[in-house]
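Below, all heavy atoms of this structure are taken into account, side chains as well, without hydrogens, waters or symmetry copies.
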Amino acid sequence: MYLSRLVLDPRSRQAGRDLRNVYQMHRTIMSAFPQVKERGGARADLAVLHRLDIDQRGANVALLVQSGEKPDWSCLPEGYLFDPGSAGQNPATKSISDALVALRKGQVLRFRLRANPTKKVDTKSGPDGQRRNGRRVDLRTEPQQMEWLSRRADDSGFRLVPVGPGSDARAVRVGASEKLRGRTASRLVTLAGVLFEGLLEVTDPDNLRLAIRKGIGPGKAFGCGLLSVAPFRR
């Protein structure tokens, strides 16, 4: 598994377009995997997930891309990325396979996840007796969003850990819901992204590794689902 960090240049017309259109961002990211054309469109097969992280203090926009195969970012348009000069490497790609193998039960980690908390409605059987697939609606309140995350945690090999002393301490910081929009060739794309940050405890390392690889919740092609973990030092 690989993790890439790309700092975008907001002055770039192409970067600005992608920041406004989640579908175009998806297409730009997938262009870094030329083998997709041979394999018939394989975001899930290649385990490609991404998330935009915005540094409010520095006004930097960092694009994190996780993938099962190493990407080739030379495909990006000229000027798409911020030029760091001698300050660092942009883009930067590293292997995270060893870190995933090292996950252990009981380990406490910091995490960040932008997700699309939803529920399905109108799934009852129709007159023909066939059960309808239903449609997804956004969960708008923080208690609903936290309940959604807690259920996903149980299925994904971790539990949420309170931050600070006391049984009523908050386990997770929940950001304001952000509308993510785009347009494909045939439809509009609109979904709500919610940023969760906090601490987790590993309960099942294999399930957690699978959740990190596959992502959590819907909207994975459009910037949701990437679960990032990092060491927690008390």
Side-chain angles (χ1 to χ4, degrees), residues 4-32 41 43-44 48-67 76-77 80-82 111-123 132-153 156 160 170-198 211-212 214-228:
S4 298
R5 185 177 187 271
L6 305 90
V7 180
L8 309 189
D9 190 335
R11 298 170 296 181
S12 163
R13 185 178 68 176
Q14 292 92 340
R17 175 204 64 186
D18 290 355
L19 290 171
R20 294 188 298 270
N21 187 326
V22 293
Y23 176 65
Q24 290 296 336
M25 178 65 78
H26 164 73
R27 293 187 65 187
T28 295
I29 291 169
M30 294 309 296
S31 70
R43 185 210 63 78
V48 178
L49 297 165
H50 74 276
R51 185 180 70 241
L52 283 168
D53 285 344
I54 300 177
D55 179 1
Q56 300 293 346
R57 294 171 297 178
N60 288 330
V61 180
L63 172 64
L64 298 182
V65 181
Q66 179 182 284
S67 55
L76 295 177
Y80 192 89
L81 299 180
F82 176 76
F111 80 90
R112 176 177 290 179
L113 167 70
R114 176 168 284 107
N116 175 220
T118 61
K119 66 177 179 180
K120 279 194 172 184
V121 298
D122 299 333
T123 57
R132 295 191 294 264
N133 189 35
R135 58 188 176 89
R136 291 188 182 276
V137 297
D138 297 327
L139 299 176
R140 300 178 182 277
T141 70
E142 186 172 317
Q144 290 175 326
Q145 294 163 354
M146 281 299 304
E147 183 182 359
W148 179 91
L149 179 61
S150 295
R151 291 198 305 270
R152 295 304 182 279
S156 301
L160 303 174
R170 290 170 59 87
V172 177
R173 294 184 296 277
V174 183
S177 179
E178 176 187 3
K179 282 295 181 184
L180 307 175
R181 295 182 172 88
R183 179 185 288 274
T184 72
S186 59
R187 67 185 179 95
L188 289 172
V189 176
T190 304
L191 63 159
V194 177
L195 185 65
F196 299 100
E197 296 179 281
I212 291 173
K214 296 182 65 176
I216 294 178
K220 297 182 183 70
F222 303 125
C224 296
L226 172 57
L227 174 65
S228 301

Checking [X] now: which residues fulfil salt bridge (Lys or Arg N to Asp or Glu O under 4.0 Å) with it, not counting sequence neighbours?
{"X": "Arg11", "answer": "Asp9"}
{"X": "Arg151", "answer": "Glu147"}
{"X": "Asp18", "answer": "none"}
{"X": "Arg112", "answer": "Asp53, Glu197"}

Check: Gln66 side chain, Gly215 main-chain N or O, donor-acceptor pair, under 3.5 Å: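 No, because the side chain of Gln66 does not come within donor-acceptor range (under 3.5 Å) of the backbone of Gly215.
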Without swapping roles, check the side chain of Arg20 against the backbone of Gly16 for a donor-acceptor pair under 3.5 Å.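 Yes; at least one donor-acceptor contact below 3.5 Å.
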Should [X] and [Y] count as side-chain neighbours, where that means a heavy-atom distance under 4.5 Å?
{"X": "Leu6", "Y": "Tyr80", "value": "no"}
{"X": "Ile29", "Y": "Leu63", "value": "yes"}
{"X": "Thr28", "Y": "Gln14", "value": "no"}
{"X": "Lys119", "Y": "Trp148", "value": "no"}

For the CE atom of Met25 and the CZ atom of Arg17, what is their distance to the nearest 0.5 Å?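 These two atoms lie 9.0 Å from each other.
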When rounded to the nearest 0.5 angstrom, what is the spacing between CG in Asp138 and CD in Gln145?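 It comes to 9.0 Å.
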If the condition is side chain to side chain donor-acceptor pair (under 3.5 Å), which residues does [X] pass it with, not counting sequence neighbours?
{"X": "Ser228", "result": "Arg51"}
{"X": "Glu178", "result": "none"}
{"X": "Gln24", "result": "none"}
{"X": "Ser31", "result": "none"}

With sequence neighbours excluded, residues passing side chain to side chain contact (heavy atoms under 4.5 Å, CB included) with [X]:
{"X": "Ser156", "value": "Phe158, Ala211, Ile216"}
{"X": "Ser150", "value": "Leu160"}
{"X": "Lys214", "value": "Leu210"}
{"X": "Arg5", "value": "Val7, Ala62, Leu64"}

Answer yes or no: are there more than 12 heavy-atom neighbours, outside Arg27 itself, under 6.0 Å from its atom CZ?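 Not more than 12 within 6.0 Å, no.
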Give me the atom names and distance for the closest heavy-atom approach of Cys224 to Leu180.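 Cys224 and Leu180 have their closest heavy atoms at SG-CD1, 3.8 Å.
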Restricting to non-hydrogen atoms, name the atom on Ala192 and the atom on Pro117 that form the minimum distance, rounded to 0.1 Å.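 Minimum heavy-atom separation between Ala192 and Pro117: O-CD, 4.2 Å.
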Kindly determine whether Arg114 and Leu226 satisfy side-chain contact (heavy atoms from CB on, under 4.5 Å), including the steps that lead there. CA-CA 7 Å; Arg114 176 168 284 107; Leu226 172 57; over 6 Å; no
Stepwise, does the side-chain contact (heavy atoms from CB on, under 4.5 Å) test hold for Leu149 with Leu113? CA-CA 10 Å; Leu149 179 61; Leu113 167 70; 3.9 Å; yes
Which residue is it: Asn116, Leu191, Thr190, Asn21? I am looking for the one with a side-chain contact (heavy atoms from CB on, under 4.5 Å) to Phe222.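 Filter result, single survivor: Leu191.
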Decide side-chain contact (heavy atoms from CB on, under 4.5 Å) for Leu8 and Leu81; before the verdict, give the C-alpha distance in whole Å, the side-chain angles of both, and the deciding distance to 0.1 Å. CA-CA 4 Å; Leu8 309 189; Leu81 299 180; 3.8 Å; yes
